[in-house]
Amino acid sequence: MNARAEPQLLGQLSNKHLDALEEETIFILREVAATFERPTLLFSGGKDSLVLLKCAEKAFGVGRIPYPLLMIDTGHNFQEVTDFRDFRAKELGAELIVRDVEDSMKRGTVRLAHPGESRNVHQSVTLLEAIEEFRFDALIGGARRDEEKARAKERIFSHRDSFGQWQPKAQRPELWTLFNTRLAPGEHFRVFPISNWTELDVWQYIERESIALPSIYYAHERQVIERKGLLVPVTELTPPRDGEEVVTRTVRFRTVGDITCTCPVESPAANAGEVVVETLTVEVSERGATRMDDKTSDASMEKRKKDGYF
């Protein structure tokens, strides 16, 4: 697609549906505040959580978000993202709670099979420890149903049992936007206000609302290795293996997470409008195109969710 066609296509693309999506998200954010005693908003500094934060800002006002932000830090996150996380929370006057997987490792509740193992899956343990510490009864997350198969099974209000586990067959009906939020002692909900959004919707909203993002979401030059159909960033945590060639490519990240399992894609898109146009043509979900931890099997995410993952 040539450069001239991109602005023209962007101008023809309707974003009127974003009003309905935003309205639904704000309604759910307010429902959580009204219904639960100790809710929190999971905030990584990634694009989906920044969209949620923008909706929360509209729902309650700057400095008036009625629940803290919670980040489970693996210690292997991109510095650009964690720096932006801290900046945005301070800018909004929101309370930010950070709990570290490394602390769980020191307590012995997380044990790695080997030093190079990804810590991404172990976030579940640290998250459940944070839930117990603060007695959270609702955790608001930025997961969307279009990301992959297990997330498509989620309700907006996803019930978790007293062990923090997700049971897909035990989820509650959500007819006519009526939510059953009854909890037994020790149980909690994961709430996903942007469940009905797509990756394209998110980028259209970012473009419309001029939402600032960490720089790695846009085109930049980075050293990478081609491995199993993915572009693995060259870092201290992900060094090249014997026989692998390090190349410099113009890339961006479609999603961000633990460095050990998050990969960029080749892209010249330097702003949200260009990403919108690019997203119109993609055929692979952002997780399928960029996440090494989801390559093991179609059931990998579902298993992690049953164990307490986000």
Side-chain angles (χ1 to χ4, degrees), residues 1 44-48 71-85 100-102 104-105 110-126 147-151 199 203 213-271 274-275 278-279 281-304 307 309-310:
M1 188 175 294
S44 66
K47 70 179 190 307
D48 295 323
M71 165 67 169
I72 304 300
D73 196 334
T74 65
H76 291 168
N77 296 95
F78 292 95
Q79 191 65 47
E80 299 95 327
V81 179
T82 53
D83 287 348
F84 197 87
R85 171 203 70 191
D100 300 289
V101 172
E102 289 187 2
S104 298
M105 293 166 60
V110 166
R111 297 182 181 181
L112 303 183
H114 54 84
E117 181 187 3
S118 173
R119 299 177 181 179
N120 194 53
V121 67
H122 298 294
Q123 291 178 91
S124 303
V125 174
T126 310
E147 290 182 77
E148 53 80 57
K149 294 178 180 179
R151 294 203 190 279
E199 182 184 11
W203 279 108
L213 298 180
S215 59
I216 64 174
Y217 275 110
Y218 299 116
H220 61 283
E221 288 194 347
R222 184 178 291 266
Q223 288 189 320
V224 296
I225 309 152
E226 295 187 24
R227 184 184 298 165
K228 296 182 180 179
L230 298 173
L231 297 179
V232 178
V234 177
T235 69
E236 292 182 0
L237 298 170
T238 52
R241 299 171 182 170
D242 291 341
E244 290 184 327
E245 180 184 3
V246 177
V247 296
T248 300
R249 300 281 180 83
T250 300
V251 301
R252 68 176 179 88
F253 286 83
R254 289 174 67 184
T255 182
V256 296
D258 192 288
I259 291 173
T260 61
C261 62
T262 306
C263 300
V265 296
E266 281 197 272
S267 170
N271 56 59
E274 292 177 4
V275 175
E278 191 174 273
T279 304
T281 64
V282 298
E283 297 179 352
V284 181
S285 74
E286 61 198 85
R287 295 191 71 91
T290 66
R291 296 298 290 265
M292 286 183 283
D293 55 336
D294 290 337
K295 291 288 185 180
T296 53
S297 73
D298 288 340
S300 60
M301 173 61 81
E302 183 159 337
K303 181 182 183 301
R304 279 180 285 159
D307 291 337
Y309 191 69
F310 305 173

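Since the structure is predicted, the reported quantities are computational estimates derived from the model, not experimental observations.
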Side chain to side chain, [X] and [Y], heavy atoms closer than 4.5 Å:
| X | Y | answer |
| --- | --- | --- |
| Arg85 | Ser44 | no |
| Leu231 | Val265 | no |
| Arg222 | Phe253 | yes |

Residue pair [X] / [Y]: nearest heavy atoms and the distance that separates them:
| X | Y | value |
| --- | --- | --- |
| Gln79 | Thr82 | O-OG1, 3.2 Å |
| Val275 | Ala269 | CG2-CB, 3.7 Å |
| Glu274 | Ala270 | OE1-N, 2.7 Å |
| Pro240 | Ile225 | CA-CD1, 3.4 Å |
| Ser118 | Cys261 | OG-SG, 4.2 Å |
| Pro264 | Pro233 | CD-CD, 3.8 Å |

Apply side-chain hydrogen bond (donor to acceptor under 3.5 Å, both in side chains) to [X] and list each qualifying residue two or more places apart in sequence or on a separate chain.
| X | answer |
| --- | --- |
| Asp100 | none |
| Thr235 | Thr238 |
| Gln223 | none |

Q. Does the pair Asn77 and Met71 meet the rule for a side chain to side chain contact (heavy atoms under 4.5 Å, CB included), with working shown?
A. CA-CA 11 Å; Asn77 296 95; Met71 165 67 169; 3.9 Å; yes
Q | Sidechain N-carboxylate O distance under 4.0 Å for Arg254, Glu278 | A |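 Judged by the 4.0 Å cut-off on N to carboxylate O distance, Arg254 and Glu278 do not form a salt bridge.
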Could you measure the distance from the [atom1] atom of [X] to the [atom2] atom of [Y]? Nearest 0.5 Å is fine.
| X | Y | atom1 | atom2 | answer |
| --- | --- | --- | --- | --- |
| His122 | Arg111 | NE2 | CZ | 12.0 Å |
| Glu199 | Thr279 | CD | OG1 | 5.0 Å |
| Thr74 | Ile259 | OG1 | CD1 | 7.5 Å |
| Tyr217 | Phe78 | OH | CZ | 10.0 Å |
| Arg119 | Thr126 | CZ | OG1 | 10.0 Å |
| Asp258 | Ile72 | CG | CD1 | 13.5 Å |

Q. Within the distance-only criterion (no hydrogens, no angle test), does the side chain of His220 pair as donor or acceptor with the backbone N or O of Arg252 below 3.5 angstrom?
A. no
Q. Hey, is the main chain of Ala113 close enough, under 3.5 Å, to the side chain of Glu117 for a donor-acceptor pair?
A. yes
